Amino acid sequence: MTTKYSDLALADPLKRAVADMGYETMTPIQAQAIPVVLAGQDVMGAAQTGTGKTAAFSLPLLQRLLKHETASLSPARHPVRALVLLPTRELAVQVADQVKQYAKYTQLRSAVVFGGMDMKPQTAELRQGVEVLVATPGRLLDHIEAKTAVLNQVEYVVLDEADRMLDIGFLPDLQRILNYLPKQRTTLLFSATFSPEIKRLAESYLQNPVLIEVARPNATASTVEQHFYLLDDDDKRRAIRQVLKDKQLRQAFVFCNSKLGTARLARALERDGLKTTALHGDKSQDERLKSLEAFKAGEVDLLVATDVAARGLDIKDVPAVFNYDVPFHAEDYVHRIGRTGRAGASGVAVTLVTRGDQRLMGELEKLLKTKIELEHLEFDGERPHGRANDGRRRWQDHETGDSRDEARRVRGERRAPPPRPAASAPVDPFFSQPYTAETDAEQAPPAWDTPQRPRTGRSANIKPKRAVAALFKAPAPTP
DNA sequence: AAAAAAC
């Protein structure tokens with residue numbers, strides 16, 4: 001198989017554009033997909049992000065458009081010949097930029113349409129006529145209804161990040177769009193991950209697709225060093241700072257599961273003295289683009305984001321990714337940590353795990369087909385207990401500054417828990433037991449699926465699933 | 001327990 005761009009049957013303008021970008025050797029997905037697309041076949045491609053997917057479909061697609069010129073169509077009819085659909089606005093911008101690069105020496109015109117921006121400039125551009133349209137679903141439907149996008153002559157459709165495009169939230173819009181397209185067309189479908197259900201659904205949109213798989217699907221880049229730290233919610237922010245310091249990391253992405261959580265965490269980290277920006281879907285498009293630019297320009301240390309930033313975003317040199325929350329969907333873990341260690345660079349992925357994340361961690365182990373070892377993070381100095389992570393001041397003795405538990409112990413109250421362990425020894429949050437160097441030496445952090453207590457007496461009657469789940473519950477407070 | 005995509 002040829003792996004050099006110079007060996008490909010690409011038109012001269014495309015070869016020049018590729019050379020301008022300094023590309024000589026194709027990546028595996030490119031080497032496999034380009035000949036197939038050039039041959040006009042449907043593709044179902046599984047490839048991790050950062051492997052050159054965009055070039056893998058845009059180059060052969062542009063080549064096909066050049067080769068089969070639809071001659072003498074009036075520009076007033078502005079037929080779109082190739083449509084590329086993406087699940088986020090940022091991705092649409094990114095892919096559109098690349099398509100423009102590859103097409104710059106050809107007569108082919110491209111445009112990008114997405115929401116959150118004035119429709120008028122987009123409409124004007126579409127009226128000029130474009131051969132390649134890059135879009136997010138919602139805004140594209142607006143343009144279809146306004147008759148500014150005419151899709152009845154589309155020859156190629158690309159669904160990038162297809163697993164997301166086919167999920168329940170996007171499917172109705174996607175279905176409506178596909179109904180506007182001719183049945184006779186080439187469909188290219190790419191995703192980093194393929195669940196069995198998505199695979200089945202995807203197949204219903206394709207005709208005799210060629211399956212291309214360059215890495216094991218759902219695999220994570222081997223250049224990424226992954227850690228899972230088991231800790232309390234209260235210690236999460238401190239853990240981020242500790243890891244940044246230990247590993248000498250300049251910048252990082254921090255992922256949260258909710259928009260509100262993202263905004264809150266960004267503010268809190270800012271108070272901690274880190275330059276931080278937030279990115280989520282409730283921000284205006286202008287703010288979203290600015291956040292991303294500030295991170296790219298190195299003006300901020302941390303980009304705190306929802307999963308809007310999990311997929312496909314190609315930012316060079318993101319040295320680390322933190323999962324402040326364990327992602328709801330295991331596949332999103334793969335996408336999130338795919339932001340680091342791109343194009344062969346090394347990266348660090350740190351997931352902050354709490355006791356409540358048992359189920360999600362189980363799903364992650366299933367997806368990654370590996371047993372996840374939980375680690376304890378060594379904090380410099382004392383374990384923090386001055387503030388809860390919601391910002392409220394915790395109870396403290398006025399004079400000594402002791403915690404409530406410590407004060408009770410000093411007063412000799414019966415119900416006071418054992419003294420806090422030595423300053424630097426981390427507490428095992430699993431069982432809220434003192435955590436000492438000796439126990440640490442022999443006792444690895446507990447595995448998720450290993451029952452830690454013998455099931456005897458009453459608990460033997462509980463269904464196994466519940467019994468294991470019970471282990472993750474904090475011991476009930478004695479009345 | 002959520003996010004994204006349209007006004």
Side-chain angles (χ1 to χ4, degrees), chain A residues 83-96 112-123 126 133-149 159-178 180 191-193 198 233 253-266 278-289 291-292 303-313 323-336 339 352-364 390 469 472:
Chain A
L83 178 64
V84 183
L85 292 172
L86 296 130
T88 73
R89 298 167 183 175
E90 282 77 7
L91 278 178
V93 171
Q94 186 179 292
V95 167
V112 57
V113 299
F114 54 92
M117 305 277 276
D118 194 358
M119 277 194 73
K120 286 194 202 102
Q122 297 178 358
T123 301
L126 288 174
L133 182 58
V134 181
T136 50
R139 180 54 66 90
L140 179 62
L141 281 167
D142 280 353
H143 282 293
I144 291 172
E145 274 151 26
K147 304 246 190 284
T148 47
L159 304 181
D160 203 357
E161 301 298 337
D163 53 343
R164 179 48 43 107
M165 301 295 291
L166 296 174
D167 93 7
I168 199 75
F170 271 112
L171 198 55
D173 278 358
L174 186 69
Q175 193 63 60
R176 280 178 65 206
I177 291 167
L178 293 179
Y180 284 100
S191 188
T193 56
I198 292 296
D233 256 321
F253 270 26
V254 182
F255 283 104
C256 294
N257 282 354
S258 75
K259 290 184 275 198
L260 188 62
T262 300
R264 274 195 197 135
L265 179 62
L279 177 61
H280 57 77
D282 276 354
K283 290 196 139 199
S284 74
Q285 195 52 37
D286 194 45
E287 288 173 307
R288 280 167 64 163
L289 295 172
S291 280
L292 214 51
L303 180 79
V304 184
T306 59
D307 282 322
V308 69
R311 285 161 183 266
L313 279 190
N323 291 309
Y324 188 84
D325 298 320
V326 178
F328 283 127
H329 291 310
E331 308 91 67
D332 284 330
Y333 175 81
V334 181
H335 290 288
R336 287 177 176 188
R339 296 315 98 218
L352 306 179
V353 184
T354 60
R355 183 163 34 211
D357 296 324
Q358 180 205 12
R359 193 181 61 77
L360 296 176
M361 290 301 291
E363 281 173 20
L364 190 53
D390 57 6
F472 290 81

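In this text, all values refer to a predicted model and were calculated from it rather than measured experimentally. Below, chains carry the letters A, B, ... as their sequence lines are ordered, and counting in each starts from 1.
- Backbone-only engagement by A/G281 is indicated by non-hydrogen atom pairs under 4.0 Å involving sugar-phosphate atoms exclusively.
- Of the candidates B/dA2, B/dA6, B/dA4, B/dA4 carries the atom nearest the A/V308 side chain, counting heavy atoms from C-beta on.
- With hydrogens and angles ignored, a donor-acceptor pair closer than 3.5 Å exists between the side chain of A/H329 and the base of B/dA2.
- When the nucleotides B/dA6, B/dA2, B/dA5 are ranked by their closest atom to the side chain of A/F328, B/dA2 comes out on top.
- Whole-Å rounding puts the A/L159 CG to B/dA5 P distance at 17 Å.
- The shortest side-chain heavy-atom distance between A/L166 and A/L171 falls under the 4.5 Å cut-off.
- Residues A/T354 and A/D233 have side chains that never bring a donor and an acceptor to within less than 3.5 angstrom of each other.
- If you check B/dA5, B/dA6, B/dA2 against the side chain of A/T88, the one that comes closest is B/dA5.
- Taking both residues in full, the closest heavy atoms of A/L313 and A/Q94 are given as CA-OE1, 3.5 Å, listed atom of the first, atom of the second, then distance.
- The ring pair (Phe, Tyr, Trp, His ring centres under 6.0 Å) test applied to A/F114 returns no partner, not counting sequence neighbours.
- What separates CE of A/M165 from C1' of B/dA5 is a distance of 9 Å, to the nearest Å.
- Rounding to whole angstrom units, CD1 of residue A/I168 and P of B/dA3 are separated by 18 Å.
- Between the CD atom of A/Q175 and the C1' atom of B/dA5 there is a distance of 16 Å, given to the nearest Å.
- The CZ atom of A/R264 sits 12 Å away from the P atom of B/dA2 (whole-angstrom rounding).
- Checked against B/dA2, B/dA4, B/dA6, the side chain of A/T136 finds its nearest nucleotide in B/dA6.
- As judged by a 4.0 angstrom heavy-atom cut-off over every strand, A/R89 is placed among residues touching the sugar-phosphate backbone only.
- Taking only side-chain nitrogens and oxygens, A/R288 comes nearer than 4.0 Å to OP1 or OP2 of B/dA5.
- For A/T306, the side-chain atoms get nearest to B/dA4 when compared with the rest of B/dA4, B/dA6, B/dA2.
- Among the atoms of the strands shown, only primed sugar atoms or phosphate atoms (P, OP1, OP2) are found under 4.0 Å from some heavy atom of A/G116.
- We find that CZ of A/F170 is positioned 6 Å from P of B/dA5, with the value rounded to whole Å.
- Remark: C1' of B/dA2 and CG of A/D332 are 10 Å apart, rounded to the nearest angstrom.
- Paired with A/R311 under the rule side chain to side chain contact (heavy atoms under 4.5 Å, CB included), one option of A/V334, A/D332, A/L86 passes, and it is A/D332.
- The interatomic distance linking A/H280 (NE2) with B/dA4 (P) rounds to 8 Å, in whole Å.
- Here A/D173 lies out of heavy-atom contact (under 4.0 Å) with every strand.
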